[in-house]
Visitor: 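Below you will find the structure I want to go over with you.
We're numbering straight along the sequence, starting at 1.
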Amino acid sequence: MSRPSWDEYFIELAYFVARRSTCTRRQVGAVIVKDKHVLATGYNGAPKGIAHCLDTGCLRDKLGIPSGTRHEICMASHAEQNAIIQAAYHGIAIKGSVIYCTTHPCSICAKMIINAGIKKIFFVEGYPDDLGKKLLDEAGIERVKLSKPELFDR
């Protein structure tokens, strides 16, 4: 058995966190890390006390909205948003941290990552939102594409 690198370890955690997602389209996980310590996690799903799409069906599917567009028409918060919110809720400073995401951040998450002071993004899967990439490039936030962990490559 070989020991995973830190990047492998944290991206595997992100995929594990994604298993909690209640989105019927895409399960996404995010892990915010600083100095090799997990600060917060998040997965995509409806806010506390709101019915989940697993129970009600996907509003975006019902309206025929393609992936990567009209983010405001969704019952769920994205994984990156929920990780940032979780840190804020518990009073955890994330400035100078890095984030591991199963999917590249959308433009809304990119803006939150920029303003939260997260300095680097590790991701595996792409996302059809070119504005997110443009914003992150302009802000000088480094992005590193990782391979999907073998444990979750099914």
Side-chain angles (χ1 to χ4, degrees), residues 3-55 60 67-68 70-153:
R3 190 170 184 214
S5 70
W6 285 110
D7 290 341
E8 290 168 333
Y9 173 69
F10 291 124
I11 202 65
E12 286 174 4
L13 284 176
Y15 273 92
F16 191 77
V17 169
R19 295 178 59 208
R20 289 280 306 153
S21 170
T22 59
C23 179
T24 59
R25 281 187 168 192
R26 180 190 313 251
Q27 287 68 51
V28 180
V31 178
I32 299 175
V33 175
K34 189 169 186 179
D35 300 327
K36 299 179 183 168
H37 294 279
V38 174
L39 301 179
T41 65
Y43 55 87
N44 54 329
K48 294 177 187 179
I50 306 297
H52 294 285
C53 297
L54 284 177
D55 301 323
R60 293 171 58 82
S67 182
R70 306 290 315 270
H71 300 290
E72 75 280 6
I73 302 177
C74 181
M75 297 305 293
S77 295
H78 287 185
E80 303 92 328
Q81 294 168 5
N82 280 328
I84 292 168
I85 292 164
Q86 182 186 78
Y89 186 87
H90 292 287
I92 300 168
I94 59 174
K95 180 181 178 184
S97 65
V98 300
I99 189 166
Y100 289 81
C101 307
T102 58
T103 303
H104 189 282
C106 72
S107 56
I108 295 170
C109 291
K111 290 183 268 187
M112 290 182 71
I113 287 167
I114 292 164
N115 284 346
I118 294 171
K119 64 181 181 180
K120 191 174 192 178
I121 300 166
F122 295 88
F123 71 99
V124 174
E125 301 169 38
Y127 191 74
D129 182 348
D130 289 335
L131 180 57
K133 295 172 189 133
K134 181 184 179 303
L135 292 166
L136 293 166
D137 284 343
E138 189 172 332
I141 296 182
E142 184 182 356
R143 296 187 319 276
V144 177
K145 186 167 180 12
L146 300 173
S147 298
K148 189 169 186 178
E150 289 181 22
L151 293 171
F152 297 91
D153 197 16

Visitor: Check whether any side-chain heavy atom of I121 lies under 4.5 Å from a side-chain heavy atom of I141, and answer yes or no.
Guide: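 The answer is yes, as the side chains (C-beta and beyond) meet within the 4.5 Å cut-off.
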Visitor: Minimum heavy-atom separation for G126 to T103, with atom names?
Guide: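 Distance-wise, the nearest heavy atoms are O-CG2, 3.5 Å.
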Visitor: Can you measure from CD1 (I113) to SG (C101) and round to the nearest 0.5 angstrom?
Guide: 5.5 Å
Visitor: Enter the distance from D129:CG to C106:SG here, rounded to the nearest 0.5 Å.
Guide: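 Result: 6.0 Å between the selected atoms.
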Visitor: Search all heavy atoms of G132 against all heavy atoms of A110 and return the closest pair with its distance.
Guide: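 Scanning both residues, the minimum pair turns out to be O-CB, 3.8 Å.
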Visitor: Using side-chain heavy atoms (C-beta onward) and a distance below 4.5 Å, is H104 in contact with L136?
Guide: yes
Visitor: Taking K145 for its side chain and V124 for its backbone only, find out whether a donor-acceptor pair lies under 3.5 Å.
Guide: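 Yes, because the side chain of K145 sits within donor-acceptor range (under 3.5 Å) of the backbone of V124.
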Visitor: State, yes or no, whether a side-chain contact exists between R19 and Q27 at a heavy-atom distance under 4.5 Å.
Guide: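 Not in contact.
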Visitor: Ignoring hydrogens and geometry, is there a side-chain-to-backbone donor-acceptor pair from T102 to Y15 under 3.5 Å?
Guide: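 No: the side chain of T102 does not pair with the backbone of Y15.
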Visitor: Look up atom OG1 in T24 and atom NE2 in H52, then write down how far apart they are to the nearest 0.5 Å.
Guide: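 The NE2 atom of H52 is 12.5 Å from OG1 of T24, to the nearest 0.5 Å.
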Visitor: Under a 3.5 Å distance rule, please check whether N44 uses its side chain to pair with a backbone N or O of A76 as donor and acceptor.
Guide: no
Visitor: Mark yes or no for whether Q86, through its side chain, and T41, through its backbone, hold a donor-acceptor pair below 3.5 Å.
Guide: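 Between the backbone of T41 and the side chain of Q86 there is a qualifying donor-acceptor contact (under 3.5 Å).
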Visitor: So, is the end of the K48 side chain (NZ or CZ) under 6.0 Å from the ring centre of Y89 and within 45° of the ring's axis?
Guide: yes
Visitor: Within a radius of less than 6.0 Å around CZ of R26, do more than 12 heavy atoms belonging to other residues, nucleotides or ligands occur?
Guide: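 Counting neighbours around CZ of R26, more than 12 heavy atoms of other residues, nucleotides or ligands fall under 6.0 Å, so yes.
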Visitor: Taking all atoms of both residues into account, what is the closest heavy-atom pair of G29 and A18, and its distance?
Guide: N-CB, 3.4 Å
Visitor: Is there a side-chain contact between E80 and I99, using heavy atoms and a 4.5 Å cut-off?
Guide: yes
Visitor: Given L146, which of F123, F10, F122 fulfils the side chain to side chain contact (heavy atoms under 4.5 Å, CB included) condition?
Guide: F122
Visitor: To the nearest 0.5 angstrom, please state how far the CG atom of L39 sits from the NE2 atom of H90.
Guide: 12.5 Å
Visitor: Could you check whether any side-chain heavy atom of K34 comes within less than 4.5 Å of a side-chain heavy atom of I94, counting everything from C-beta outward?
Guide: no
Visitor: Consider only side-chain N and O atoms of R25 and S67, and report whether a donor and an acceptor are under 3.5 Å apart.
Guide: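 Not at all, the side chains of R25 and S67 share no donor-acceptor pair under 3.5 Å.
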Visitor: Rounded at 0.5 Å granularity, tell me how far CD1 in I118 sits from CD1 in I84.
Guide: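 The CD1 atom of I84 is 4.0 Å from CD1 of I118, to the nearest 0.5 Å.
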Visitor: Do any N or O atoms from the side chain of T22 and from the backbone of L54 form a donor-acceptor pair under 3.5 angstrom?
Guide: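 No; zero donor-acceptor contacts below 3.5 Å.
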Visitor: Kindly give the heavy-atom pair with the smallest separation between A40 and A83, and that separation in Å.
Guide: CB-O, 3.4 Å
Visitor: Taking atom NZ of K119 as the centre, does the number of heavy atoms from other residues, nucleotides or ligands within less than 6.0 Å exceed 12?
Guide: no
Visitor: Are side-chain heavy atoms of R143 and D137 found at a separation under 4.5 Å?
Guide: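 SC-SC contact between R143 and D137 confirmed.
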Visitor: Could you check if a side-chain atom of H78 sits within less than 4.5 angstrom of a side-chain atom of V28, using non-hydrogen atoms only?
Guide: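 With C-beta onward as the side chain, the pair stays apart.
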Visitor: Are L13 and V33 packed together at the side-chain level, in the sense that at least one heavy-atom pair is separated by less than 4.5 angstrom?
Guide: no
Visitor: Working to the nearest 0.5 angstrom, can you tell me the gap between K134 NZ and S107 OG?
Guide: 11.5 Å
Visitor: Using a 3.5 Å distance criterion without hydrogens, assess whether the side chain of R70 forms a donor-acceptor pair with backbone atoms of R60.
Guide: no
